[in-house]
Amino acid sequence: MSDYKQTLNLPATSFAMKGNMANREPSMLKEWAAKDLYGKIRAAKKGKKSFILHDGPPYANGNIHIGHAVNKILKDIIVKSKTLSDFNAPYVPGWDCHGLPIELMVEKKVGKPGHKVTASVFREKCREYAAKQVNGQREDFKRLGIFADWEKPYLTMDFHTEANIIRALGKIAQNGHLHQGFKPVHWCTDCGSSLAEAEVEYQDKHSPAIDVRFTAVDQSIADKFSLPVSSQGKHEGTGEISVVIWTTTPWTLPANRAVSVNADVEYTLVQCDTLPNGEAGKLRLILASDLVTSCMDRYGIDKYHALGFCKGSDLELVQLNHPFYDFTVPVILGEHVTTEAGTGCVHTAPGHGVEDFEVGKLYNLEVANPVGANGVYLEDTPLFAGQHVFKANANVVETLKEHGALVHHHALEHSYPHCWRHKTPLIFRATPQWFISMDNKGLRTDSLKEIEKTQWIPDWGQRRIESMVEGRPDWCISRQRTWGVPMALFIHQDTGALHPKSIELIEVVAKRVEEKGIQAWFDLDASELIGDDAQEYIKVPDTLDVWFDSGTTHYSVVDAREEFDDIADLYLEGSDQHRGWFMSSMMSSVAMNGKAPYKQVLTHGFVVDSKGHKMSKSLGNVITPKEITNNLGADILRLWTASVNYTQEITAGDEIFKRQADAYRRIRNTSRFLLSNLNGFEPAQHSVAFEDMVALDRWVVDKAARLQTEIITAYNEYEFHVVVHKLMNFCTTELGGFYLDIIKDRQYTAKADSNARRSCQTAMYLIAEAMTTWMAPILSFTAQEIWQALPTPASGTRDEFVFTGVWFDGLATMPDDTVLGNEYWSELLLVRGEVNRVLELARKEKIVGKALEAQVTLYANADLADKLSQVGEELRFVLITSKATIEVVTDSNKAPSDAIATEVDGLWLSVAAATGTKCDRCWHVTPDVGTHDAHPDLCGRCIINIDGAGEQRSYA
RNA sequence: UGGAACAUAGCUUAGUUGGUAAAGCCUCCGACCGAUAAUCGGAAGACCCUUGGUUCGAGUCCAAGUGUUCCAACCA
C-alpha cells in the first residue's frame, strides 16, 4: 500500500461532532457572565440608533413554564438580531410583583393581614416572597441563554417604581380621567370585606325561588301586543297587567331598579282565568313566549290563553310599580336575558349584580346599595332596616304576599358562591370604587386613534383590541387589597370629594414611597400632610389594580431608565395580552400622554401539546423548559421556538423536539465540516480575491450573500421560522448536496497552497463567518462555539463574541446573468440531479457503486451542449464522475436508443463503468493510472499535484 | 353562549392575482468507508378538517359546520 493519504488535505478540527449542549451550556454561561458579555454588548453598541423592546413583566410566582420560555426566547432573538443589525438594543427584564396570587401564597404561611400579623408585616412578607420568586425565575431565564440586564431588572415593587406608579395615578387624575363610582363585588358578610374570585368557592345552597309580578303603571301597555281584533274591537282581556320576574335572592328586591327583557325575544300577554293555585280571579301576565307553559305549570294556572305577542324591544321603558315600594321602575333591554329558566324577565338590582350593574349604567339606573358591610340593611331601608339579608328573605316573601305580588314560591337547591374561609354564602354588594373613565375625557376615542397608528403583528391584533376598547366599561382600578400600590388620595369623609391639593399631595407621597416603599403611605398620618384638613379628609384605603402597575411601566420604567431614550419600539407578548397588558398600557399611556406607549405590538400564540390541546397538570401533558434544557440543551429549545410560526398555537411534543435535534445536528455538522476544512487556513495570507476564485466558489459566495439578505429581512419581519428553513435548506441543498460534495476533490487532492484549494477554502471561510452570524440570535451557544473556532480574520483580530458585531460583510454578489453566475449554476444543478437519478439506476444494476466509478455521456441539444461545455473538462468534477462526455444532439444525429431521457429539455444520459484504473489518491478511475513510472498507482493529475506545480482549476 | 384566530405529507413550513399541491426533516432502499453515532444518492409519502356554493376550473373566494386555542375575572 502506498502512503499517498499523507499527501491529501484531509479535514481536521477539534470542534466536536456531538454538541452535548445540555452539559456544556451552563459552563459557557458562567464564562459569559464572568466576562460581562451583556456589558460588552452595551459598550459595543453605545451611541448606535436604539431599538427598545420593552419587556412585559411575568408575574413573580411559580416556576417558569414553556410559555414563559417561548416569550423570552422570542424577545432574545429579536434583541440579538437587532444588535447584529447594529442597533443599540438594551433589554431590561421585568417582574410584576404585587397582587392577589402572592397575597394568597403568603397568607398560607403567615395568615391573613390583621389577624396573626399586621398589614405592615404582611407586606414585608409579600415583598420577601416576591423577591425569592424573582430570583428563581431569573436563573431559569438565564439558563435559556437570554441576554439581559439581569443585575438591574425592573420590579414593580422597586420603591422608585412604586413611587412612579403613584405619580402615574396623579397624572391620570390631573388629566380628568379618574372618577368615583360604585361596582358590585363578591362580599363576605362575616369577613366584612370583598373577596377576589380566587377566594370564592361554589357550594350547593338552598334558596327561596320566587316569582314576583310588577304591575304596569299604565294598563294601555296591552296595546304594545298584537291583539286579536273582532267586531267588538280589540280583545284586550281582563285583569291587572304585570310583568313577572323570577329570582333566588328575594333580599335584593329592595334594591330593584328595573326589569330587564331581551330585545329579540318574543313575549306573550297571557290571559289567566284563575289566580295562581286555582283561586278565582283574573290576571294578565307578561312572559317570554317560550316559557309560558312552564310558568303556568309552576303557578298552578290551568285556564289561560295568549292574548297577543310582542318583541322585548317593544317594551323598553314601560313603567312598572315596584312590588312593595312606592316608586316605579322601567323595563330595560339587556343581552344577558335568556329564556333558559325563569320567566324571560329579569329582576335588575344594579347594586347586587355585575350584569345588572352594567346594564343599569346604560340606562343611568341608580346603584342602590341598602346593605351594609355586615350584611344588614341600612337604617334608612324601609320595611327591612336592621335585618340581615339572608334572614330578611322570609320577610321579603311575606311582604310580597301582603302586596299580592308573589306569584309563586318554592325552595331551590343550586350552586352558590361561598366564602372559602367562613363557608358562608356571599352576596354581591356595590362598593365605592375608582374608575378611569373611558368617555369623560375621550379616552376611548383617543385610544382608538392611537391603536390605528400602531403596527399590529399579526394584523388581526388591531381588530381584536379595537373591539375590546370599543366595548369595555370604565376601568375599575381600585382594589380592597393589602399587597398593592396604594391609591394615594385623600377624600372628604362625607362627600367623597378629592382633596383640592391632591395633585401636589401625590408628589409628596411619591417622594416618601421612593424612600421607604408603599408602607410609607400606610404609615402616614393624614395630618402630617394636610394638617387640620385631616379632620375632614381621610386616606383612601384602596390599592391599585395590578394591571395598573404593569400598564404604566411605559412611564415608571421606559421613561425612567436612562438606557431608554424614546418610547418602546416593540411590545411582544402572548395574544391574551390584547385584553391585558397591551390594553392597560395603551389606556394609561393615552390617559397620561395622549399617545400610544409602543410603535409595534407583536403577539405569539400559546404552547399546546402535539394534539393541539392546552397544557395542564390534570391532562399530564406539561412539558417544562427544564426538561428540554436538561436533556437536549437550550439551543434545541431555542431552535424549536424559532422554527415555528409562533403567531398561531405553538405545538410541543416529543417528536417535534426530536426533529429539532435532528435539524440541529445537520447545522452543527455542516459548520463542523466547514471548520475542519479551514484547518491551516489563514485568511490574511491565503484568501483568494473574489475575481480570482474558481467559478463554482464565486457562485456559492454569491448564493450566501443573497441568502444573507433574505435572512436579515426575515429577522426584521420577526419571521424566524423563515430563517431556520433557509438555513437548513442551504446546509442541505446548496452545501451538502452540491457545493461541499463537489469541492471535496479539490479541497483534498489539490496542492495545499494552490489557487484551486485556497479558492474553495476562501469560500468556505466566508460562508462559515456569515453562517455563524445567521444562527447567532437563535443558536447562541453553538454560534459562539463556532465563532471561537473560526480562524483569525484578515483584519487581524476577531471580536471575542459574535454578539457584539454585525452581520458579516465579506460576501460578494454577482448579477443574476453573470457568465457562470447564478442562472448558469442553477441549470447545472438540474442537470446534476438528472445525472444522479441515472447513476442510481446504474447502481441498482451493479454497474457502478460510487459515482467516481462511473463515466457519463450527456447527449444534449446544441444550446445545452454549449452551456455544459463552458466548464470544459471540469464538468466531471461537477458531476463527481470520473469522466463526462458531451455529445451534441441534432435532428439528424439523435441520442442512442439506450440513452435515458430526462426531465431537462434536450438532455439524454447514459452511464457506464469508467474505463481505467482507480487512482489510489484521488479515487478517480482513469486510463492513465499505471502509465507513470514514478507513481504507478496514480493518475497524472495527482502527480502534478504531488510533484509538479499543481493543477489549474477554473470552474469547479 | 358571544368575540377573535387557526386547520396543507408522520414533523416543521411554502403555496403570489383562483390554473396539475412544493421544501427540508423523519421513514424506507441503496452507496460510500477521506465529514463516519457522519456524508452522498434514490424512492415512498397529502380526500389541502367536513359539507355546500361561486367558477370552465377552488388548497386559494363565499357560507355553514367540526375541532382546537385565546378573550369574555378584585387571575397574570
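Convention: sequence-line order gives letters A, B, ...; per-chain numbering from 1.
Between B:C70, B:G3, B:A76, one nucleotide has an atom nearer to the side chain of A:Phe606 than all others, and that is B:C70. Here the nucleotide nearest the side chain of A:Arg672, chosen from B:U36, B:U69, B:C6, is B:U36. Closest to the A:Met468 side chain, of the nucleotides B:C71, B:A38, B:U69, is B:C71.
Ring-centre distance between A:Tyr154 and A:His54: below the 6.0 Å cut-off. Note: A:Phe877 and A:His924 meet the aromatic proximity criterion, with ring centroids under 6.0 Å apart.
Heavy atoms from other residues, nucleotides or ligands lying under 6.0 Å from CG of A:Asn679 number more than 12.
For the residue pair A:Leu852 and A:Val925, the shortest heavy atom distance occurs at O-CG2, 3.6 Å.
The interatomic distance linking A:Asp545 (CG) with B:C75 (P) rounds to 9 Å, in whole Å. Following rounding to the nearest Å, A:Glu845 (CD) and B:G41 (C1') show an atom-to-atom distance of 16 Å. In this entry the distance linking CZ of A:Phe582 with C1' of B:A4 reads 15 Å, nearest Å. A straight line from CG of A:Asn729 to P of B:A14 spans 13 Å, rounded to a whole angstrom. Regarding A:Asn836, its CG atom lies at a distance of 13 Å from the C1' atom of B:G30, rounded to whole Å.
For B:C29, neither phosphate oxygen OP1 nor OP2 lies less than 4.0 angstrom from any side-chain nitrogen or oxygen of A:Lys844. Taking only side-chain nitrogens and oxygens, A:Lys744 never comes nearer than 4.0 Å to OP1 or OP2 of B:G34. Listed pair A:Arg666 / B:C26 fails the phosphate criterion, with no side-chain N or O lying under 4.0 Å from OP1 or OP2.
Heavy-atom nearest nucleotides on RNA chain B were determined for A:Gly580 and for A:Thr651, and the one closer to the 5' end corresponds to A:Thr651. Of the two residues contacting RNA chain B, namely A:Arg481 and A:Met17, the nearest-nucleotide position lying further toward the 5' end is that of A:Met17.
Using a 4.0 Å heavy-atom criterion, one finds that A:Trp923 contacts the bases of the nucleic acid, with or without backbone contacts as well. At a threshold of 4.0 angstrom between heavy atoms, the contacts of A:Tyr59 are confined to the sugar-phosphate backbone, with no base atom among them. If you check every strand for non-hydrogen atoms under 4.0 Å, A:Asp576 touches a base. Note on A:Gly737: only backbone sugar-phosphate atoms sit closer than 4.0 angstrom, heavy atoms only; bases stay farther off.
Spacing between B:U8 and B:U60 at atom C1', rounded to whole Å, works out to 11 Å.
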